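Worksheet for the structure shown next.
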There are 2 protein chains.
Amino acid sequence: MSDGMERDVVAPRGRPVTLRDVAKDAGVSVATASKALNDQGRMTAETRTRIQEAARRLGFRPNGLAQSLLRRRSFTVGMLTNDTYGRFSLPVMAGISEALVDNGVSVFLCNVEDDPRLGQLHVDAMLEKRVDGIIATGKRIDRQLPVDLSRLGVPVIYAFTEPDPNSIAFVSDDEGGARLAVEHFIRLGRRRIAHVTGPTTFTVVHRRAEAYRAVLAEAGLPVGPVLMGRWSESWGRDAVAELFGEGGSAPDAIFCGNDQIARGVIDALRERGIDVPGSVGVVGFDNWEIVAAESRPPLTTVDMNLVTLGREAGMTLLSLVDGKPVEPGIRKLPCRLVVRQSCGRPLDG
Amino acid sequence: MSDGMERDVVAPRGRPVTLRDVAKDAGVSVATASKALNDQGRMTAETRTRIQEAARRLGFRPNGLAQSLLRRRSFTVGMLTNDTYGRFSLPVMAGISEALVDNGVSVFLCNVEDDPRLGQLHVDAMLEKRVDGIIATGKRIDRQLPVDLSRLGVPVIYAFTEPDPNSIAFVSDDEGGARLAVEHFIRLGRRRIAHVTGPTTFTVVHRRAEAYRAVLAEAGLPVGPVLMGRWSESWGRDAVAELFGEGGSAPDAIFCGNDQIARGVIDALRERGIDVPGSVGVVGFDNWEIVAAESRPPLTTVDMNLVTLGREAGMTLLSLVDGKPVEPGIRKLPCRLVVRQSCGRPLDG
């Protein structure tokens, strides 16, 4: 342990231990200490061990910045988002982080909001820090971030946001998700299926509505009313007033564009004395746990698997950084149906 | 623009422009190019301008890593959180980012969950990258992150998580927030005020309940029932069944420990035909927009100002990094009451 020399063995509180501290402690030059810790240079095994021991004992951490310069990789990735609210981008970001951190890569998170100036500022900062790549993510798959990422000189992946042409992107398969919901109703024997969804300005609203119509047509069932409105509980309640207001054949199933709408639909049906799922089945979209699980009854809903989507995006970025070839294009990842209690058992079963 | 020499003026696609590219383009040595861009060395004004012009035209970005080594600051900060869900930490993190980015500092976000091994891994990665400081944040102010940050050699700030002793921390003033709610009821003429809140295992539950009792005692009003249960809508509904079930004097106001409880309380009161705010006023806690604004009626609630809290934490970390003295201790930042429609006008007014 001690070789008899009297030395300052502990660096002053409040600053990191440097290579100089290690060298001093081991009684060698800084150059020798550096070589010993990098397994380079000529020295006796005993000297090398003494230096390594000193480094360990003092808690020396090699300077990541300097090492990165040598290896020409920074082992950091920039993540851009415009989602201050985080409901969709949070699970995506969690998946991305998971993939990267498991592979020893750190993540710079930057919120660019919808501000091109802020976007450019963040991208410049990322490039200045020599990130190995950038992942762009956001709150809508049909809106671009306010920055041009097409010619940065580092790999870029898009996840749950509108990509540049010829880039690599990961989005949810909204048509597939809608299919799962409508096919579930049909399997359960529901025949008059309505669709209550969000604003017409969202691409996913049209994609899900098209899939809804296609599944019904394939099954030889009538296409019910499609009501487009808002992404809110109050719209769900308004839609129920519309669907069940006057005479005509009320639906026995309602496929909702998100969980908040579904929540409003379920509340309004209960307040009208209409039993869910007895008389009407309800399916939501998003599997927003806190809304879906607290509904009365708990909500069957489509989960976009956003954590998995983020993880795939992260793994693909790492492949690109490693120089592996990746085909450009948009990958649509499958959704899954989370069955709770708002659809009941088969009506004919 | 062109000085007649024929050169490759564009770096190959797919890699960043280097100082070497700039030097080649300007027809000077790398050393001269470096001096010109750092405003150092001796050269004619024309040469300096030509080099700077080439750097600008090629889109050269100085190497942030190398510059950081010279300045002994990385202009990055690590942010540790254990909140995968993000409802509280998201606004805190948004505030922190805002403060740091405005000052040219980038943020490493790391989710350590409740895993000490993962925590240590992230902290090591941050130190290896020579972050200038670390901010720890989490989902509960009465729980520590699973890492010891007390002797890292870099400044550490705690925001909305249990701090180490003798550290600097920012938390919400829960007593003050509860006071705002109960005083609001008293001002409006409510006299039988109940408190329905979360689990006894949360420190804030006791802090808010104590403030509730103190305000009533100061006003000479009876302390109503205090029901501790869960942080959920269903608990809010159960609590209404308890409060309004049998005879005795039902409350004319209910202060709820969070917005989900308040939402459940309001729904249950409506389903019993009890008018809110006519017969009973309701106040929530958190100002969780999507719950509070969609309640029927929209919910008056306490906002913990978490974005501001994050911003203060970020600014304080920057002060520490700059070497300015900051007193250790826990700062409690004030809440504010967001008035919507669940309390009504003064009863005696």
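All values below come from the heavy atoms of this structure, side chains included, with hydrogens, waters and symmetry mates left out. Predicted model only: the values in this text are computed from it and were never measured. Chain naming here is simple, since letters A, B, ... match the order of the sequence lines and numbering starts at 1 in each.
- More than 12 heavy atoms of other shown residues, nucleotides or ligands fall within 6.0 angstrom of atom CZ in Arg272(B).
- One N or O on the side chain of Glu294(A) and one on the backbone of Glu233(B) form a donor-acceptor pair closer than 3.5 Å.
- Here the shortest heavy-atom pairing between Phe108(A) and Val107(B) reads CD2-O, 3.2 Å.
- With a 4.5 angstrom heavy-atom cutoff, Ser97(B) does not touch chain A via any of its atoms.
- Note: Asp267(A) CG to Arg296(B) CZ = 5.5 Å, rounded to the nearest 0.5 Å.
- Ring planes of Trp288(A) and Trp288(B): perpendicular class, angle over 60° (limits at 30 and 60°).
- In this structure, chain A has no heavy atom under 4.5 Å from any part of Glu98(B).
- With rounding to the nearest 0.5 angstrom, the CE atom of Met126(A) is 7.5 Å from the OG atom of Ser106(B).
- With rounding to the nearest 0.5 angstrom, the CZ atom of Phe75(A) is 9.5 Å from the CD atom of Glu128(B).
- Both the backbone and the side chain of Asp124(B) come within less than 4.5 Å of a heavy atom of chain A.
- Note on Ala125(B), Pro155(B), Ser232(B): by heavy-atom pairs under 4.5 Å with chain A, the leading option is Ser232(B).
- For Glu271(A) and Arg270(B), the salt-bridge test passes: some basic side-chain N is under 4.0 Å from an acidic carboxylate O.
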